[in-house]
Enquirer: 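Before I ask anything, here is the structure I am working with.
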There are 2 protein chains.
Amino acid sequence: MSKPNDFSIRCQNCSFNHLCIPVALNQTEMQSLDEIIERKRPLHKNDQLTIPGQKFTSLFAVRTGSFKSYITSPDGEQQITGFHFPGDVVGFDGLYSEKYQSYTQAMETSMVCELPYDKLDTMSAQLPTLRKEMLKIMSTEINQDHSLMMLLNKRTAEERLAHFLINLSDRFKSRGFSPAEFNLTMTRNEIGNHLGLTVETVSRLLTRFQKEQIIKVDGKNIQIQSIEILREKLGEHVANKKACG
Amino acid sequence: MSKPNDFSIRCQNCSFNHLCIPVALNQTEMQSLDEIIERKRPLHKNDQLTIPGQKFTSLFAVRTGSFKSYITSPDGEQQITGFHFPGDVVGFDGLYSEKYQSYTQAMETSMVCELPYDKLDTMSAQLPTLRKEMLKIMSTEINQDHSLMMLLNKRTAEERLAHFLINLSDRFKSRGFSPAEFNLTMTRNEIGNHLGLTVETVSRLLTRFQKEQIIKVDGKNIQIQSIEILREKLGEHVANKKACG
DNA sequence: GGGAAAATTTGATGTAAATCAAGTGAATAA
DNA sequence: TTATTCACTTGATTTACATCAAATTTTCCC
């Protein structure tokens, strides 16, 4: 049985390992981790990596492409909980109850590294750094969710979209991509869904930002002309401190 | 040095151990866990258990009383990310970066069990169940945050408050308290802050629910007269499925 | 216990973003 | 290539909730 592992795709030479689980591991440890990883065939656009109710077996690290995660309410409404790019690890929602709780869907042709949880767990008994790293990644996700909570509760539509664009820019930058020009793999509708806005509002805001010379929009292509002004849009909040304790 | 541990406060006879970290541990394991736990003097109302930037050393299990967690924006605005009751474990936000990221403040006189992280980590190397349990609790928190995201993005003020009351009722029930009558330890302002509503809206809704004979409100005291109608308020959503993928 | 401060309620008014509507443009498949 | 669907844009109108305002009522100290 020759696993796709043979294609010399290794954590050691992955350009996203500084963002991914291997970040804190030394060479030997990374080697061990590498050996348990399964690298499968690519997923195509709209393929589901996880579905709610499906038995939790693995975590997944995005290797190429991009994904969206979403949950649904009983009446079928969707809520996009996050977008994922290379180096991001998904699937932690499945640890509770041994079943995935959300959909994870490819937004374009994408590849993932599968990390079988039982093997990861066995390894983590021996490797404190790995144990810590997994908790750290989950902790990061919790903190991001809390920030988003504030964004959704306290910020205007304009501030939300500014935050979204800055966030994308930062994430692309840390992945070695251009922070100033990138293609959106998600639709306006998906951006709005995630930010609690309608597609019309997102569209109008992109147009407005373009008129204000902050960005250039050409369909899916975004050029950021002034990240400073974009950041100001977040800061320009009037201190409106309402004590709550 | 006699630790407060002497007061025969033990995980073994704690009435909330079915909700807390010990849930999956056997007697021997629970004993070991119990030995690393530090039980300190009570916190008073408004005391801070954690502050952003403070070095992360421990997780905390609420033993009695209640807490709120919140983060602040650069301009001082607060966002309450959650309320915590006996059996809840807090502090996971600190694992990322070794510093707590949020405030955890007592809403009334409260006691906690302190779980020093380094000892917990050492133990977890030996105990797969403990290792798993910690990840599970974090996973639960992630899933709760995702549900809240949908609540904030897709639900009306009425639905949010209904959800909040049902959630409180459920949590009190699983703790052996009455699900039908309880005292709010948080203010209307704090409820609104958490749900993305103003204090006026929360007040008006409580009045409305009372007029509709769903609840009885007397200051901090809430009696739920019909949890069914409250649940209907969540379900009565018109299926408004907007595909996003 | 009494006086200040904080929390709550209720009403009147304003507004940001949703909804409704109608078109153009881009992607996909036959 | 063309047909068909889906994505996006722009404008007009509506609305749920915020904001502003002003009484109570409750809580908290000194």
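Order of the sequence lines fixes the chain letters, A, B, ..., with proteins taken first and strands second; residue numbering starts at 1 for each chain.
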Enquirer: For the residue pair K68(B) and Y70(B), would you count it as a cation-pi contact if the rule is NZ or CZ under 6.0 angstrom from the ring centre and within 45 degrees of the ring axis?
Expert: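 Here K68(B) passes the 6.0 Å and 45° test against Y70(B).
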Enquirer: In whole Å, what is the span from the CD atom of E77(A) to the P atom of dA18(C)?
Expert: 13 Å
Enquirer: Output the rounded distance in Å from CD (E108(A)) to C1' (dA27(C)).
Expert: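 It is 16 Å, rounded to the nearest whole Å.
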Enquirer: Between the protein and nucleotides 22-30 of chain D, list every N/O to N/O distance that falls short of 3.5 Å.
Expert:
unit_1, atom_1, unit_2, atom_2, d
dC28(D), OP1, K45(B), NZ, 3.0

Enquirer: Expected output check: what is the dot-bracket annotation of DNA chain D, where ( ) and [ ] are pairs inside the strand (brackets for crossing ones), | is paired with another strand, and pairs are Watson-Crick or G-U under 3.5 Å?
Expert: ||||||||||||||||||||||||||||||
Enquirer: Mind calculating the distance between CG (L197(B)) and P (dT8(C)) to the nearest angstrom?
Expert: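 Going from CG in L197(B) over to P in dT8(C) covers 15 Å.
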Enquirer: Show me the protein contacts with nucleotides 10-15 of chain D, counting only N or O atoms at under 3.5 Å.
Expert:
unit_1, atom_1, unit_2, atom_2, d
dT10(D), OP2, T207(A), OG1, 2.8
dG11(D), N7, R204(A), NH1, 2.8
dG11(D), O6, R204(A), NH2, 3.4

Enquirer: Rounded to whole Å, how long is the line connecting atom CG of L161(A) with atom P of dA16(C)?
Expert: 17 Å
Enquirer: Using the ring-ring contact (aromatic ring centres under 6.0 Å, His included) criterion, which residues pair with F172(A)? Sequence neighbours excluded.
Expert: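 F85(A), F182(A).
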Enquirer: Mind checking what makes side-chain hydrogen bond (donor to acceptor under 3.5 Å, both in side chains) contact with S139(A), not counting sequence neighbours?
Expert: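 S139(A): no side-chain hydrogen bond (donor to acceptor under 3.5 Å, both in side chains) contacts found.
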Enquirer: Can you tell me the distance, in whole Å, between the CZ atom of R155(B) and the C1' atom of dA18(C)?
Expert: 16 Å
Enquirer: Report the residues that fulfil salt bridge (charged side-chain N to carboxylate O under 4.0 Å, His left out) with D47(A), sequence neighbours left out, ordered by chain and then residue number.
Expert: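 If we apply the salt bridge (charged side-chain N to carboxylate O under 4.0 Å, His left out) test to D47(A), skipping adjacent residues, there are no hits.
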Enquirer: Between C1' on dA17(C) and NZ on K154(B), what's the gap in Å once rounded to a whole number?
Expert: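 Taking NZ of K154(B) and C1' of dA17(C), I get 14 Å after rounding.
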Enquirer: Run the side-chain hydrogen bond (donor to acceptor under 3.5 Å, both in side chains) test against S69(B) and tell me which residues pass, sequence neighbours left out.
Expert: H84(B)
Enquirer: Would you mind classifying the nucleic acid contact of L206(B) as base, sugar-phosphate or nothing, using non-hydrogen atoms under 4.0 angstrom?
Expert: nothing
Enquirer: Scan G192(A) against the nucleic acid and name what it touches under 4.0 Å (heavy atoms): base, sugar-phosphate only, or nothing.
Expert: nothing
Enquirer: Rounded to whole Å, please give me the gap between CE in M186(B) and C1' in dT8(C).
Expert: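 Taking atom C1' of dT8(C) as the reference, CE of M186(B) is at 16 Å.
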Enquirer: Test of understanding: with side-chain hydrogen bond (donor to acceptor under 3.5 Å, both in side chains), list the residues that count as partners of T64(A), not counting sequence neighbours.
Expert: none
Enquirer: Which pairs with one or both residues in residues 216-225 of chain A pass side chain to side chain donor-acceptor pair (under 3.5 Å), sequence neighbours excluded?
Expert: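 For residues 216-225 of chain A: E181(A)-N221(A), N183(A)-N221(A).
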Enquirer: Considering only NZ, NE, NH1 and NH2 on the basic side and carboxylate oxygens on the acidic side, decide whether R208(A) and E158(A) come within less than 4.0 Å.
Expert: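 Looking at R208(A) and E158(A), the cut-off is met.
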Enquirer: According to side-chain hydrogen bond (donor to acceptor under 3.5 Å, both in side chains), who are the partners of S147(A), at least two apart in sequence or on a separate chain?
Expert: none
Enquirer: Would you indicate which nucleotide in dC8(D), dA17(C), dA18(D) comes nearest to any side-chain atom of T198(B)?
Expert: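 Minimum distance to the T198(B) side chain belongs to dA18(D).
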Enquirer: Grab the CG-C1' distance between N193(B) and dA6(C) for me, whole Å please.
Expert: 16 Å
Enquirer: Does anything in residues 199-235 of chain B form a ring pair (Phe, Tyr, Trp, His ring centres under 6.0 Å)? List the pairs, not counting sequence neighbours.
Expert: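 Found none.
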Enquirer: Only counting residues at least two apart or in another chain, list the ones meeting side chain to side chain contact (heavy atoms under 4.5 Å, CB included) with P52(A).
Expert: Y103(A)
